Amino acid sequence: MPSMAQGGLRNSADSHHKLRAKFPVDDRKVDPAFSRKQKIAEHRKSLPIASVEKRLGDEVRNNDILIIVGETGSGKTTQLPQFLFNAGFCRDGKTIGITQPRRVAAVTVAKRVAEECGVELGQRVGYSIRFEDVTSGSTRIKYMTDGLLLREALLDPYLSRYSVIIVDEAHERTVHTDVLLGLLKNVQKASLDARGFSEYFGGARAVHIQGRQFPVDIFYTHHAEPDYVDATLITILQIHLEERPGDILVFLTGQEEIESVERLVKERLQQLPEGSRKLLAAPIFSALPSEKQMRVFAPAPAGFRKVILATNIAETSVTIPGIRYVIDPGFVKARSYDPVKGMESLIIVPTSKAQALQRSGRAGREGPGKCFRLYPESEFEKLDDSTKPEIKRCNLANVILQLKALGVDDILGFDFMEKPSRASIVKSLEQLFLLGALTDECKLSDPVGHQMAQLPLDPIYSRALILASQFNCLEEMLITVAMLSVESIFYAPREKLEEARTAMKCFSCPEGDHLTLVNVYRASNEFLEKRTVGLSKEKNEKILRKWCKENFINSRSLRHARDVHSQIRGNVEQMGLRLASCGDDMLQFCRCLAASFFLNAALKQPEGTYRALASGQVVQIHPSSVLFRAKPECIVFNELVQTNHKYIRNITKIDYLWLAELAPQYYCMQN
DNA sequence: GAGCACTGC
């Protein structure tokens, strides 16, 4: 009960004693519900934001746009909507909408606020995320993902059911947030969070709220480290041997790096005296199956210290308790986009100052902490202030399609907070035109463009669904597109690579990866139908997880694909597209893939590499493809990723002649 | 011969 603890240390034990003696029957001890309620009320009162409740209500009432800079732990996300509700912002039946970049945040915060309000989740307080709507007619405080609000805007461009929109975590500058802000600027009715937005909104008022964060001491190295993996290892062991108890969080760039540091930590520990070996390494990254991710949350055994090896998943998405030390080598793997080649790639770059700050803050959640930056302070000064917003680093085809559907025709003139390059916009317009989504006048085409905008998919996949209804293979394409839309379906841990390969062979199809994915999906369906008649949903999930594990499939990805499948199946049915299967006619399906993915066709070169026809780039088949060894003459692919090489992934063999036949607008016959 | 992180009525 923090409000009581503030009286000072000397007398607190005494007064506590007296209180109990005076009131031998303490309500809090008798009624746990009362105690919980009391605790929540006291917690709310203790939050830094509580002292400015009235002011916030007034500011929001008096300003169309308000920037609220709430530091970590200020309570803004949970309290502000309640303040506004109490201040009467929902009186005319309107709703307060709060957007979050991530689903898990929308869900957990909504649950917390419902509890604080003492209402059932889904009634006055609710949340809405893709595949999950826990709201009702009486919902007045609605948490949601920013992407979902954008989808809502397609149906109601003025967002007329909301009295206030709070865009939380706007400083993260996700593509969705940026598009939403541009849209809200048109609607001119918003309350924003984060600094530096004031100028964009024409000098909007800003309110600062103090946070609650413990101090973190920052340490730099004297010199630049030539090998940051080695420097990381040395620092881990140094902390382990010399510092007080507390877990260590290390930020690395990817799976490979994490696995090698994990191995090296174990090796070096063996060289230490036995009493000093009580250090446990726990990896976490997105592609790790969730049961393995959970290990980082388990407390270390008594006497042990945990060292968590993480990607930037631990920067914002996941909060791990018990962290007292952070090691930050100063690098991150980031997406980048080359509009000339139309290629996205992953490259390792230095973090920004803001990112370094965010990382060090992870050491000060529960008490004072320490952060070791593995570079000199002079290097920190040279870092960019903040990370380049994603909208300047990605393919814009989807953003443009959405904006067009929202009635924004002049994309080059749209008032983005930070405008993507002209080249990048033009390249994506060109792609949309080639896919048939835009007319010669650059307007959304009817019906294709409108249908594509309605589907929650990459434009190229939306186009594939529309074409598939004409090729009589929509059932197969729905599965394909769902499987292509999720993270990697196959999971092959290094130590069981051979087993995983054998498992994958059961599904593999000589035509290529697309039909292989269809086989996996259908096998999971058959398994479920055979094994789970009459079982509960939880039992179903559990039995499917087991099947996935046996087959080296990432169950989280497969479940996600099944959700996407049922959603887009609903979408195409609503559009009236013809749902049919091509049965055993693989040729028909492969021709449809060629017609859909003609922009991503590639031809084999004498030395076994491929030349992508649209961009002229030399690429290689990714080793995870079923066609890695077969190397057919002509292929279509879905993903081009630059890591050590330019790799293409998700590939199907096609006949070269189909291109001119099925995409004559692009490939005219030259011979 | 190899996989940053998020997300979408």
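So that the names make sense, note that chain A is the first sequence line, chain B the second, and so on, each numbered from 1. Everything numeric here is computed off the predicted structure, so don't read it as measured data.
Rounding to whole angstrom units, OH of residue Tyr143(A) and C1' of dT7(B) are separated by 20 Å. Between the NE2 atom of His645(A) and the P atom of dA2(B) there is a distance of 6 Å, rounded to whole Å. dT7(B) atom C1' lies 10 Å from atom CG of Leu150(A), rounded to whole Å. Computed from coordinates, the Tyr610(A) OH to dG1(B) P distance equals 15 Å when rounded to whole Å. Rounding to whole angstrom units, CD of residue Glu487(A) and C1' of dG8(B) are separated by 13 Å.
The base of dG1(B) sits within donor-acceptor range of the side chain of Arg629(A), with an N or O pair under 3.5 Å.
Taking a cutoff of 4.0 Å between a charged side-chain nitrogen and a carboxylate oxygen, Arg173(A) and Glu390(A) do not qualify as a salt bridge.
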Requested in this report: Step by step, work out the side-chain contact (heavy atoms from CB on, under 4.5 Å) result for Ser469(A) and Val572(A).
Outcome: CA-CA 9 Å; Ser469(A) 67; Val572(A) 300; over 6 Å; no
message: Checking Thr516(A) against Ser508(A) for the side-chain contact (heavy atoms from CB on, under 4.5 Å) test, could you report, in this order, the C-alpha distance in whole Å, the side-chain angles of both residues, the deciding distance, and whether it holds?
response: CA-CA 5 Å; Thr516(A) 301; Ser508(A) 79; 4.3 Å; yes
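Close to dC6(B), at under 4.0 Å from its OP1 or OP2, lies a side-chain N or O of Ser286(A). Distances shown here put every side-chain N or O of Ser624(A) at or beyond 4.0 Å from the OP1 or OP2 atom of dA2(B). Side-chain nitrogen and oxygen atoms of Thr174(A) include none within less than 4.0 Å of the OP1 or OP2 phosphate oxygen of dC6(B). Between Tyr491(A) and dG3(B), a side-chain N or O to OP1/OP2 separation shorter than 4.0 Å is absent.
Of the candidate nucleotides dG1(B), dT7(B), dG8(B), dT7(B) has the atom lying nearest to any side-chain atom of Arg102(A). Distances from the side chain of Arg501(A) to the nucleotides dA2(B), dC6(B), dG3(B) place dA2(B) closest. Considering only the side chain of His176(A), dG8(B) comes nearest among dA2(B), dG8(B), dA5(B). Of the candidate nucleotides dG3(B), dC6(B), dG1(B), dG1(B) has the atom lying nearest to any side-chain atom of Phe628(A). Across dG8(B), dC6(B), dG3(B), the shortest atom-to-atom separation from the side chain of Leu148(A) is found for dG8(B). Side-chain atoms of Arg335(A) lie closest to dC4(B) of the nucleotides dC4(B), dG8(B), dA2(B).
Comparing Lys333(A) and Asp146(A), the nucleotide of DNA chain B nearest to each residue sits closer to the 5' end for Lys333(A). Of the residues near DNA chain B, Val104(A) and Ser488(A), the one whose nearest nucleotide (by heavy atom distance) lies more toward the 5' end is Ser488(A).
Shown here is Phe131(A), whose CZ atom has more than 12 heavy atoms of other residues, nucleotides or ligands within 6.0 Å.
The side chain to side chain contact (heavy atoms under 4.5 Å, CB included) search around Val107(A) returns Lys111(A), Tyr127(A), Ile129(A), not counting sequence neighbours.
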